[in-house]
Amino acid sequence: MTDDCRGSRLEPLTFDRSRPGHRGATVPTAGVPAAPIAHLLAGASLRTRPPALPELSEPEIVRHYTRLSHLNHSVDLGMYPLGSCTMKYNPKINDEVAQARGFTDLHPYQTEDDAQGTLELMWELEQALLVVTGMCRATLQPAAGAHGELVGILMIRAFHRDNGGASRDTVIVPDSAHGTNLATATMAGYKVVELKSSDRGLIDLDTLRSNLSEKTAALMLTNPNTLGLFEEDILEITRLTHEAGALVYYDGANLNAIMGKARPGDMGMDVVHMNLHKTFSTPHGGGGPGAGPLAVCARLEPYLPAPLVSRRDPNEAPMRRADCREGCASGPDDDGACCPRFGLDYDRPASIGRVRGFYGNVGVLERAYAYILSMGGDGLTQASEDAVMNANYLRTRLSGTYDIPHDRLCMHEFVASASRQKRDTGVAARDVAKRILDHGVHAPTIYFPLIVPEALMIEPTETESLAGLDAFVDILVAIDREAHESPEVVTGAPHTTPIRRPDETRAARDPMLRWRSDTG
Amino acid sequence: MTDDCRGSRLEPLTFDRSRPGHRGATVPTAGVPAAPIAHLLAGASLRTRPPALPELSEPEIVRHYTRLSHLNHSVDLGMYPLGSCTMKYNPKINDEVAQARGFTDLHPYQTEDDAQGTLELMWELEQALLVVTGMCRATLQPAAGAHGELVGILMIRAFHRDNGGASRDTVIVPDSAHGTNLATATMAGYKVVELKSSDRGLIDLDTLRSNLSEKTAALMLTNPNTLGLFEEDILEITRLTHEAGALVYYDGANLNAIMGKARPGDMGMDVVHMNLHKTFSTPHGGGGPGAGPLAVCARLEPYLPAPLVSRRDPNEAPMRRADCREGCASGPDDDGACCPRFGLDYDRPASIGRVRGFYGNVGVLERAYAYILSMGGDGLTQASEDAVMNANYLRTRLSGTYDIPHDRLCMHEFVASASRQKRDTGVAARDVAKRILDHGVHAPTIYFPLIVPEALMIEPTETESLAGLDAFVDILVAIDREAHESPEVVTGAPHTTPIRRPDETRAARDPMLRWRSDTG
Amino acid sequence: MSYLVHTDADRALMLRRIGAASVDDLFTPIPRELRTTALDLPPGSPESEVAARVTSLAERNRTWGSRSFLGAGCYHIYVPAAVRSLTGRSEFATAYTPYQPEVSQGTLQHIFEFQTTISELTELPVANASMYDGASALAEGAFLAARHTSRDGILVSAGVHPEAREVVRTYASGPGLPVADLALDPSSGRTLVPDAARLEGAAAVLVQQPNFFGIIEDLEPLAEAAHAAGALLVVSQNLLAAGLLAPPGQVGADVAVGDVQPFGNPPNYGGPFAGFMACADSYVRQLPGRLVGETLDADGRRCFTLTMQAREQHIRRAKATSNICSNQALCALAATIHLALLGPTGLRELGATCIARAHYLHQRLTELPGVSSAHDGPFFNEFAIRLPVDAALFAESLRELGVDPGVPLGRFDPAWTPLLLVAVTEINSPRDLDAYVDAAADALAHPKEAVHDR
Amino acid sequence: MSYLVHTDADRALMLRRIGAASVDDLFTPIPRELRTTALDLPPGSPESEVAARVTSLAERNRTWGSRSFLGAGCYHIYVPAAVRSLTGRSEFATAYTPYQPEVSQGTLQHIFEFQTTISELTELPVANASMYDGASALAEGAFLAARHTSRDGILVSAGVHPEAREVVRTYASGPGLPVADLALDPSSGRTLVPDAARLEGAAAVLVQQPNFFGIIEDLEPLAEAAHAAGALLVVSQNLLAAGLLAPPGQVGADVAVGDVQPFGNPPNYGGPFAGFMACADSYVRQLPGRLVGETLDADGRRCFTLTMQAREQHIRRAKATSNICSNQALCALAATIHLALLGPTGLRELGATCIARAHYLHQRLTELPGVSSAHDGPFFNEFAIRLPVDAALFAESLRELGVDPGVPLGRFDPAWTPLLLVAVTEINSPRDLDAYVDAAADALAHPKEAVHDR
Ligand SMILES: Cc1ncc(COP(=O)(O)O)c(C=O)c1O
Ligand SMILES: Cc1ncc(COP(=O)(O)O)c(C=O)c1O
């Protein structure tokens, strides 16, 4: 019997299925008197060969992508404890309200009068993010976390240029840092120095001190760090860095741990990005779109990319609410008794300039805004509490079975290790991860952070129920047992997924990066 | 290795997962001064025990139903050649436009002025259905085909009552008829006589003649009939029936075969229902909602359930378009140059009365309307042509492998038989059906119509591509081969579906029709 | 025509394989004199134009949001987005009735959950997979009683929705079951308990809870009287009240029916919704419609399947308990999900908010000069007020002030012309209630002359 | 707070198992002086209130439907419902970057299809999985050229969208790449081919096709000049024209970038869309961002996986080709599906309708007194007209007449104050075009005084 749950679930490419002459959508004909195209385009080079787009009917296309969707794991199908990624539940109402015609049809070059609804939303979202981070002003332009990082580091560069620090050429990052931090620094023209973490998995003050110099432009860190540990010396870290004339960049990927509990602004951060697609529940879409708003302290505010969203009272005087440690503004004004008017402020002479077209991933901002309204201040605080509790619960329950290099109170995530399994049974972190997939649960992040061997970085998020957490523990315990009793089951995993392990070497050796008619 | 693609895909009931105190949606609090509930409900008996609804968070509920959805086959996942069910592609735009707030928020007791958009849509839909069927007037009330049947037969009863036929107590149906036809007749207080089909799978005129009498109230039939064969003597059939003083009811389940090709009105039908969830592409929803509009000839029009949707010119004179063999109205009027006004006409003294609350499954009507606009007259005609071509293509290609009792030109479907396989290999129609499921394709309708042993009733619909049809042929041919080479593979099928065959006997013997806490 | 999948080349190839010279050849079984060549309908349109046309019709409708106080069997209740998102999944929406259980566990299981939900809310042990709507379910309930008792008399309370009463009569006209009304107590608005003579030969007593006028019936004495006479009590239950009011099963009803509409299904000009039917164990074999049961598969896994099909038309044909085939599965799913999201606590809280707001509005309205309560029985979220003017005129005035104040009952019975039926739900905020009262005070101070529309 | 999943009882149990006395205990790693206890934000709201609030904001926006003629890098094109339905499937929407290919074939395969689609439309052999948007993709294209050529000069045509030019400058400010402009021929509106001196030391020449003013560039001479000087030609391509115009790869471009926006992604006030980048084979190792490749799984089945990750930040860290991590996968999927629905024929037809209507409108407008064409080069669906008045004033007048006539270019450069950039697509029906012309004639006959808004 050759039956196989997998094979029948796989799907050819649209290009494989394409058959000449078929089509999906129909398009209105011109309906106006017009010369032939060749005449209208006289003087332009024309395409000589039609593009080989798929030729398929709408029913076939719908079936194709519906079937493809069944090959994915997703938050809506099961737990997704991918460390550093905050795969929390993405509320359906957020997607729904973002589909309103008034949002989707709005063209970015319509007048500000036409766009008051969206501008108000963006302004309010900015305010809420400032409250959460304790910063002074924010740009909503960046499309993702790494994009925010680039903006932040470019602003730091501009700040140093204007403040006698043009010769500062180095950015310091802990060795536990996410790859984007280092890549960002390079992309912004900086050298990168990695700080070795302490035995406790934290920044070592002495190491930091010895690396800080008049060459240091910035320290980039995330807190809690990628081990899920809060940098307990954070105030000393930012003090030392500032003392050295450098600024501190806060990678807000882990903000989900501390909402209502602590504010990057209070820690002394100069620049903070947030990942709305993590902390603020917008769907990650299999790799975006996200949004990486960037909030800054007062002295960096002039450098923010233009335009910013501004609020004016009816007499057109600019107004602003802030909540920043430096008291950069007069504090909250009362809420719109007099019909405030929102606008785009382009008049920012020190701005580093824009980092994308238009104003940001507005559709993502809408979702995050709805999320904040739903949760409220209490809800966000509770979310962080539950996220931290869930991580500690898993850590506690797994600590007998897996090595946990820093087995003390963690924040929203923690890093376990499969080194014991590796040593005793040959089963590596990758194998554990693959075997988890067989249980309808996504794997943790593996082999990151780099400083933990055989790392399994686990972030359950607050939207995982106790029953879900217990089931996850059972899975991991069972895999450990399997590793000892029948390791080949684990090293051969996954067994029930649509495909088995792909041959990565083959993929990289002779890359096939697009369909070709002969490889169908 | 105990891995199993099935087990991990199954899902407990919400009730199994329920844990006290959990909840999904939150509800606004009253926000008005109010006495305690017990006081406000003084004099009413109160519930003594809270209902055991599931207690789960929104993320858990979303995950539950998303996972459940993965246990279903559907048109969007693969071919669904369920004979008599017309499982064609359900266009996405239809679902989308039906979600417009202007439709969904409209309360049925708002004024007609408020409801002009929906009323116009209903009126135009009725007109289009009259064009397709060649009838005179239609009600949109019935919620499904069988509901339409009941309305039609009750109208026939009312007609006979008013025309000296009160003693007519019998409805005649062919032995190939769908069960609803017989059940409807009984429900409407009639006796049922079944007509034996001819060797050619059609109504035999002599048999019909010998069954028609002064007791006959109606003949119910579908054309093409459930064998997918067009009743070639249809004009003689209706003539004879009318001659006997009886009326003819047309079950429009098979209308998908003949749009633009022939009209029930021209065949002499008195009453015709349509299944919008078949012919007009509205999603069947796993068992509804459908819509079963019922169209009638002029002499039955007075009996239609009230209210009907009416169109008035601006001076409030009723207007109507019709296109009926009896010339019951003055023909098409020009299209709304003068802002017609649409209303609900309750003033129908001979009406049999309403058969449901409000006016119909309006959300379904909206989708069917959008479909008709998309397809247009040409498109609907082409749909029938392609449906008939697809069925004949499959019939031709399968006829070497399976018995096809009436192997001549069929309409939109045909009935094959597994009797040869049954006889030679022990593999029955049910086994073939189950084995088809292993290939990601739904089974045909089986063991219906009753007059074909081991029936496999196959309706590909027009939205199945040539590649899909060829794949289906390959599957059926392969199953025949398996039946001969390794019949246990077929009789043991399905092998790759979420569950294997359920124990129906056990289900019926001691029915468990709801969750109980002890059976979790 | 973007849903057609063949090219002309495909068609030519297929015809060749079929052995037909042309498409027309395929239609030769249709007698020549019947054959038509085209449909007198406009040509097809690109999707963008269809979307524009249908959307413009939707926009031609006027809706009132939280300023609508219309109910009368169809309520504005906020439906969570998760309901739309999940019921919109094509695996649910584009499946047929679950005839092949191996590839239909999604549908079968959610129907089983629906049956359980309805069973819990009615407190009756068995519920079916859904009916067309509440009104037709009531008629089917009467038929069930007639079959079970082998009697034919149907007594319908005047507190049952007038449209449902009409549907019962229409259905009854087939087999010729005599239908008679049971009067209401004019002051309380509750159904008067019929005496034994009235009940003689009755198969069923049909009542609605809360009744059409919003009044909470006292079901126990009705159940006792019906049972004493050998009749069944069939209750049409508004599920919105199910978290707080005694369920039919708790007070002696034999059958409960109703419409799930308040849950998961927006008004949509009256449909699609889903009817339900639940009953005591002894009537199971008489239930119309589909039933899903739990069983085990060949490997011993729990699973679900259509069961007891010997009641149904496709097996029993002329002897089926009903002709119903397709029901309203997707609407039932919407209700199941909405009720699961609410859970027992949410359902109770929703009821509590509706009650408190309704009573607040009732109090404020009946304080206005000339306005009185139509009945003094207890009510839930809906009540009738008696106005000093034609209620339709009053409504017209309030609509000009931005409030759609309720259903003028004169549309059902001329005797009810001064009555307005007002429904309040959680979507009507306290601000909306106050706006209503203000507008009403204004309108009563400046009465109108003529009705423009019903 | 309906997205929180624990009861207080759960929390108590979990804390007990953790060994913590209270939730506060869990936060002891945070220095006491940093600890806050609450957020100064309003309390949470039930979903119904959130929906009402956000929807009211959407309704506060004004949109123009088919009477909008705004383009300038963001186009109103009808997106078929199937695109929304399919991209809305939670398996796509709620998945992360496909790090585990065994449970991510859905995402991996649609990215592979996207890469193929972009490769076909650009006629370059390799395309990546998407970039943030067209403007940042252009900047990344410049960086790629700088890395490949080990040079630093970036020449940007003045025909590139002003915002994209600004983004290139912002990005270039980090590594300090010098950026200079290439002028346009004032009459044709095409980029003047730079001479060898100008090109000396240049890593890249950046142009846009059709350019910001809608003019179709002549790319071949630019490619030749760039190549002769050892620079790469990076073309920012509007895919709307891709069915008809010579693709970058056909005319010598080394890198093509752009934004998929016209396909699958409505304007949405400027995002989210998706940038794309395609290049000739020789630059693959320099490509930023994710790449999906085809391979076989352990059982020999064709499958897809992220590949060539040694270019990326998570492997190469400080030495990566870019810092990009999350891109715009779901927006890219929307484009892939929309383009699959159109197919080559639909894409061509869409372009043809856009061209014909744009040229019709151009003709009619430039016949009006005082209105002239800003350039005489060939254009596709977008063109700039020179008005006898401030274009912003003109737009203001037309808006009062129900037409949003285009983007007044003074917002980008005071020198462009009389210019209006007009985009025409298939959503602007012939009736809309005529309405525009009528309104324009009217407005020009009665000019306005002051600008109210930019
Ligand atoms: C710690 C950290 N920093 C930065 C990023 C980059 O964020 P994005 O993918 O939104 O660019 C991530 C994402 O995984 C992260 O985990
Ligand atoms: C021939 C025929 N008649 C009637 C019906 C009943 O239609 P419905 O399920 O809409 O009530 C069907 C449905 O399968 C059918 O095939």
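Chain letters run A, B, ... following the sequence lines, proteins first, then strands; residues in each count from 1.
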Residues Q110(A), N61(D); criterion side chain to side chain donor-acceptor pair (under 3.5 Å); working and verdict: CA-CA 10 Å; Q110(A) 283 184 241; N61(D) 291 336; over 6 Å; no
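- N327(D) touches chain A through backbone and side chain together, each having a heavy atom under 4.5 Å away.
- Remark: I216(D) CD1 to L41(A) CG distance equals 5.0 Å, nearest 0.5 Å.
- With E294(D) contributing its side chain and L513(A) its backbone, the two residues share no donor-acceptor pair below 3.5 Å.
- Between the side chains of S326(D) and H284(A), at least one donor-acceptor pair of N or O atoms lies under 3.5 Å.
- Neither the backbone nor the side chain of R290(D) comes within contact range of chain A; no heavy atom of the residue lies under 4.5 Å from a heavy atom of that chain.
- In this structure, the side chain of E91(D) does not engage the main chain of H70(A) through any donor-acceptor pair within 3.5 Å.
- Of the N and O atoms on the side chains of R23(A) and T345(D), not one donor lies less than 3.5 Å from an acceptor on the other residue.
- A distance-only check finds a donor-acceptor pair linking the side chain of Q250(D) to the backbone of T48(A) [under 3.5 Å].
- Remark: the backbone N or O of P502(A) is not paired with any side-chain donor or acceptor of T305(D) at under 3.5 angstrom.
- Between E59(D) and R101(A), none of the side-chain N atoms (NZ, or NE/NH1/NH2) sits under 4.0 Å from a carboxylate O, so this pair counts as no salt bridge.
- When side chains are defined from C-beta on, E462(A) counts as touching L4(D), because their heavy atoms get closer than 4.5 Å.
- Side-chain contact between Y360(D) and P33(A) is present, with heavy atoms from C-beta onward closer than 4.5 Å.
- Proximity to chain D (any heavy atom under 4.5 Å) is restricted, for M87(A), to the side chain, taken from C-beta onward.
- Neither the backbone nor the side chain of E312(D) comes within less than 4.5 Å of any heavy atom in chain A.
- For I315(D), no part sits under 4.5 Å from any heavy atom of chain A, backbone or side chain.
- Looking only at distances, no side-chain donor or acceptor of Q100(D) sits under 3.5 Å from a matching main-chain atom of A443(A).
- In this model, a donor atom of one side chain and an acceptor atom of the other lie less than 3.5 Å apart for T107(D) and N72(A).
- Using a 4.5 Å cut-off between heavy atoms, L154(A) contacts chain D through its side chain alone, with no backbone atom that close.
- In this structure, chain D has heavy atoms under 4.5 Å from both the backbone and the side chain of I352(A).
- With a 4.5 angstrom heavy-atom cutoff, H277(A) touches chain D only via side-chain atoms.
- Here the CG atom belonging to L68(A) is positioned 8.0 Å from the NE2 atom belonging to H110(D), to the nearest 0.5 angstrom.
- Both the backbone and the side chain of V54(D) come within less than 4.5 Å of a heavy atom in chain A.
- Contact of P54(A) with chain D is made through backbone and side chain together, with heavy-atom distances under 4.5 Å.
- Taking the charged nitrogens against the carboxylate oxygens, R60(D) and E120(A) do have a contact shorter than 4.0 Å, which makes a salt bridge.
- Heavy atoms of I37(A) lying under 4.5 Å from chain D belong exclusively to its side chain.
- Contacts of S45(A) with chain D are made by both backbone and side-chain atoms, with heavy-atom separations under 4.5 Å.
- Between P267(D) and T104(A), the closest side-chain pair of non-hydrogen atoms is not below 4.5 Å.
- Of the two parts of N90(A), only the side chain, counted from C-beta on, holds a non-hydrogen atom closer than 4.5 Å to a non-hydrogen atom of chain D.
- Both the backbone and the side chain of L150(A) have a heavy atom closer than 4.5 Å to some heavy atom of chain D.
- Look at R514(A) and E120(D) and you find a salt bridge, because one of the NZ, NE, NH1 or NH2 atoms lies within 4.0 Å of a carboxylate O, short of that distance.
- Side-chain atoms of R317(D) do not come within 3.5 Å of backbone N or O of L182(A) as any donor-acceptor pair.
- Going from atom OG of S322(D) over to atom NE2 of H147(A) covers 9.0 Å, rounded to the nearest 0.5 Å.
- Residue A352(D) touches chain A through both its backbone and its side chain, counting heavy-atom pairs closer than 4.5 Å.
- Contact annotation for L350(D): both backbone and side-chain heavy atoms come within less than 4.5 Å of a heavy atom of chain A.
- Taking CG of D76(A) as the start and CZ of F92(D) as the end, the distance is 13.5 Å to the nearest 0.5 Å.
- Neither the backbone nor the side chain of R169(D) has a heavy atom closer than 4.5 Å to any heavy atom of chain A.
- Side-chain atoms of R47(A) come within 3.5 Å of backbone N or O of L121(D) as a donor-acceptor pair.
- Remark: side-chain polar atoms of H107(A) are paired, donor with acceptor, to backbone N or O of C74(D) under 3.5 angstrom.
- Using a 4.5 Å heavy-atom cutoff, the side chains of Y393(A) and R11(D) are not in contact.
- Residue T307(D) touches chain A through its side chain alone, counting heavy-atom pairs closer than 4.5 Å.
- With a 4.5 Å cut-off on non-hydrogen atoms, L229(A) does not touch chain D at all.
- Between T184(A) and N323(D), the side chains place a donor N or O and an acceptor N or O closer than 3.5 Å (distance only, hydrogens not considered).
- Taking the six-membered ring where the residue is Trp, the centroids of Y269(D) and Y359(A) are separated by under 6.0 Å.
- Of the atoms belonging to L235(A), it is side-chain heavy atoms, and not backbone ones, that fall under 4.5 Å from chain D.
- Under a 3.5 Å cut-off, the side chain of T97(D) and the backbone N or O of G286(A) do not form any donor-acceptor pair.
- Here the OH atom belonging to Y65(A) is positioned 5.5 Å from the CD1 atom belonging to I337(D), to the nearest 0.5 angstrom.
- If you measure heavy-atom distances from L339(D) to chain A, the contacts under 4.5 Å come from both the backbone and the side chain.
- Between chain D and the options G290(A), P28(A), A383(A), A100(A), the largest number of non-hydrogen pairs under 4.5 Å is found for P28(A).
- In this structure a side-chain-to-backbone donor-acceptor pair under 3.5 Å is present from T94(D) to V75(A).
- Note that the CD1 atom of I258(A) and the CD1 atom of I30(D) stand 6.5 Å from one another [nearest 0.5 Å].
- The part of V192(A) that comes within reach of chain D is its side chain, from C-beta onward, which places non-hydrogen atoms under 4.5 angstrom from that chain.
- Looking at L13(D), the atoms closer than 4.5 Å to chain A (heavy atoms on both sides) all sit in the side chain, from C-beta outward.
- Salt bridge annotation for R500(A)-D299(D): present, with a cationic side-chain nitrogen under 4.0 angstrom from a carboxylate oxygen.
- Contact of S90(D) with chain A is made through backbone and side chain together, with heavy-atom distances under 4.5 Å.
- If you tally non-hydrogen atom pairs under 4.5 Å between each of D95(A), I93(A), L121(A), V364(A) and chain D, the highest count goes to I93(A).
- For P29(D), the parts lying near chain A are the backbone and the side chain together; criterion is any non-hydrogen pair under 4.5 Å.
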